[in-house]
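Encoded as structure tokens, the structure appears first; notes follow it.
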Amino acid sequence: MASGVGIQTFDETRETLGDGLAVIFCSPNPVRVVCCVQKPPHGDFFLFFGGFCMKKKQIANAVMAAVIVLIAAAGVLGVGLLRGWFDKADGTQAALTEIQGSVTLQRGGVSFPVQGDTVLHSGDRLSAGNGATAVIRIGSDSVTLGSKAELTVSEPAADRFAASVDAGELFVSTRSPLRLSLDGREFTFCETAAAVSVRSGAQSISVFSGTVGRASAGQILEFTGGTETLSSLKITSLNEFVIQQIRIANRTSQLCFSDEDLDRLAESRRQELQELINGAASSAEPSHSSEAASSETASPEPASSAAASSSAGQPDSSEPAPSSGAVSSVSPSGSSSHAASSPAGSVPPEAPSSVPVSSGEPAGKIAGSVYLTIRCDTILEHMDELTPGKAEFVPADGVILPAVKVDFYEGETVFQILQRTCSAAGIQLEYSWTPLYNSYYIEGINHLYEFDCGENSGWMYQVNGWFPNYGCSGYEAGDGDVIVWCYTCQGLGTDVGAPGWEE
């Protein structure tokens, strides 16, 4: 046979067809060519398989493609194993769930954001961002991470869970034993509910039921500079995160602070805030901005209050708090428009032809009181759409300002009451003047702005359950008015009770 390659097969028959070509027949099938090898004068080999021809380079490319596919598959497998895509949440290991805000997991030297339920491994380090929360489920028990909490898992097994708390605050609710370390000190939590706080140079454990170390229900164990202190726990020291967790735990067991105790605390704080706001109002003239005193033809620069970013996000009180409001939308030019309707049988006041302008002199006479609430609880249902970094400004219950009774001066508008109240309560406020609508437009409250939680999101106001068809600086307050500022995420207000409307 001329230069070719011999291949042993059953019933093999060879024929030579010219120089360098060997044909091998392998069966009685009419199409009997199984493999041919040809070596033309230029030296390249051609392989024929069942009638197909492949060059040597094509074979190499095919092999290379297969190798690339295998490498890619191995990479996907490696990422999946690292991120726990193939882990099964069967309750035998602790799992991270109920994630709100930004939570980062560091595993195997790689950090990545956690977006769904994740089974935890030994050595995992969890970091909750500003305002973020997440729950570690350990069988029927839980460890809830608060804002800026950092925790490293040393033993993820549900029956012997152990971790070190590196920073921040967390809440433990457990019936089975679990171990937590604070700055090298290890404590066992069993049949207890407690809050753990780790700050620079100080750690504490507040116990609400059961016993942890030397502390029992109603006591706090503190460590500062190597000194251990045991003292009584005061309800006034509780922050909003802990209050919310106590309320959750009270659903299944009785803690040292009942829901009634927490309600009284919320009412007390609301009263203090109310006195603060009205005290500021009585000791100074109404805070009419310089923009409000500008002529209608002027277009002042947007302004913002210099108040601190802390919010009065306490549990809501029994004061009236309707849940719908006026919808504001922004035109391409940045102006605001307002959709409005009123309940059947009610007659809305006539819109003023111009915005009431302050003379800058003290009004001197209180005309009455209104009930004012600021809330953003709709965001809690859309945390996955919230602009990164904004979760810290969303209170746990979504209430920035509980319903407070605010005195107002004769001629004051909804806008002026909001501006004065936010200034007194330390709530950030930003607004801009819109000459086209002869009104102020509320851009942001407590650092939450329009479009922060979706393309239709933003602030809206309502008065006595209906929706004014003009801006907030054109609505004069009346005695007993119930004013609610609320944040809408979807439907341009329909998610907080406003009627649908067409653009």
Side-chain angles (χ1 to χ4, degrees), residues 266-282 284 286-289 292 305 307 310-328 338 349 356 363 366-378 395 397-431 439-446 448 458-468 470-488 493 496-498:
E267 178 61 19
S268 174
R269 289 179 174 177
R270 189 190 66 80
Q271 290 287 350
E272 291 175 3
L273 181 62
Q274 182 171 293
E275 292 173 5
L276 174 65
I277 293 170
N278 292 326
S282 62
S287 179
H288 300 302
S289 67
S305 74
S310 60
S311 71
Q314 304 303 326
D316 208 353
S317 68
S318 58
E319 297 287 354
S323 60
S324 56
V327 180
S328 297
H338 305 273
I366 293 178
S369 300
V370 299
Y371 294 94
L372 176 64
T373 304
I374 305 174
R375 58 193 312 132
C376 60
D377 45 328
T378 50
D397 63 350
V399 180
I400 296 173
L401 179 74
V404 292
K405 188 177 181 180
V406 181
D407 296 335
F408 70 92
Y409 294 88
E410 186 174 351
E412 269 198 306
T413 66
V414 169
F415 166 73
Q416 290 166 330
I417 293 173
L418 174 69
Q419 182 191 39
R420 178 162 53 82
T421 300
C422 286
S423 177
I427 300 173
Q428 183 266 354
L429 173 68
E430 186 165 336
Y431 50 88
S439 177
Y440 281 95
Y441 173 67
I442 303 303
E443 297 178 351
I445 302 176
N446 201 43
L448 298 171
W459 287 101
M460 47 193 277
Y461 82 106
Q462 61 96 8
V463 182
N464 301 331
W466 60 276
F467 311 95
Y470 42 91
C472 60
S473 55
Y475 190 104
E476 278 195 25
D479 189 29
D481 279 350
V482 177
I483 303 169
V484 179
W485 283 93
C486 46
Y487 195 92
T488 178
V496 290

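Every value quoted in this text rests on a predicted model; they were computed, and no experiment measured them.
Here the straight-line distance linking atom CH2 of W485 with atom CZ of R375 works out to 15.0 Å at 0.5 Å rounding. With rounding to the nearest 0.5 Å, the separation of NZ in K405 from CD in E275 is 12.5 Å.
Looking at C472 and T413, their side chains never come closer than 4.5 Å, going by heavy atoms from C-beta outward. The closest side-chain heavy-atom distance from T421 to I427 is not below 4.5 Å. Taking 4.5 Å as the limit, every side-chain heavy atom of C422 sits out of range of all side-chain heavy atoms of Q428. For the pair Y371/D481, no side-chain contact is recorded, criterion being any heavy-atom separation below 4.5 Å from C-beta on. In this structure, the side chains of I445 and L418 come closer than 4.5 Å at one or more pairs of heavy atoms. For the pair C376 and N446, the minimum side-chain heavy-atom distance is 4.5 Å or more.
Considering all non-hydrogen atoms of both residues, L273 and A425 come closest at CD1-CB, 3.7 Å. What you find for L429 and Q419 is that their closest heavy atoms are CD2-CA, 3.6 Å. Here the shortest heavy-atom pairing between D407 and S369 reads OD1-OG, 2.7 Å. In terms of heavy-atom proximity, G368 sits nearest to D479 at CA-OD1, 3.4 Å.
At a cut-off of 3.5 Å, with distance as the only test, a side-chain donor of Q271 or E267 sits close to an acceptor on the other residue.
Tested against I374, the residues L401, I483, L448 include a single side chain to side chain contact (heavy atoms under 4.5 Å, CB included) partner, L401. With S473 as the fixed residue, the side chain to side chain contact (heavy atoms under 4.5 Å, CB included) test singles out one of Y431, Y440, Y441: Y440.
Salt-bridge check for E272 with R269: failed, with every basic side-chain N at 4.0 Å or more from each acidic carboxylate O.
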task = Applying side chain to side chain contact (heavy atoms under 4.5 Å, CB included), run through T373 and V482 and close with a yes or a no.
result = CA-CA 8 Å; T373 304; V482 177; over 6 Å; no

key: Q416/R420 under side-chain hydrogen bond (donor to acceptor under 3.5 Å, both in side chains): CA gap, chis, key distance, verdict   = CA-CA 6 Å; Q416 290 166 330; R420 178 162 53 82; over 6 Å; no

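Note on ring orientation: taking the six-membered ring where Trp is involved, the planes of Y470 and Y475 are parallel (angle under 30°, cut-offs 30° and 60°).
Residues satisfying the side-chain hydrogen bond (donor to acceptor under 3.5 Å, both in side chains) test with T378, not counting sequence neighbours, are none. Every ring-ring contact (aromatic ring centres under 6.0 Å, His included) that Y487 has, sequence neighbours left out, goes to W459.
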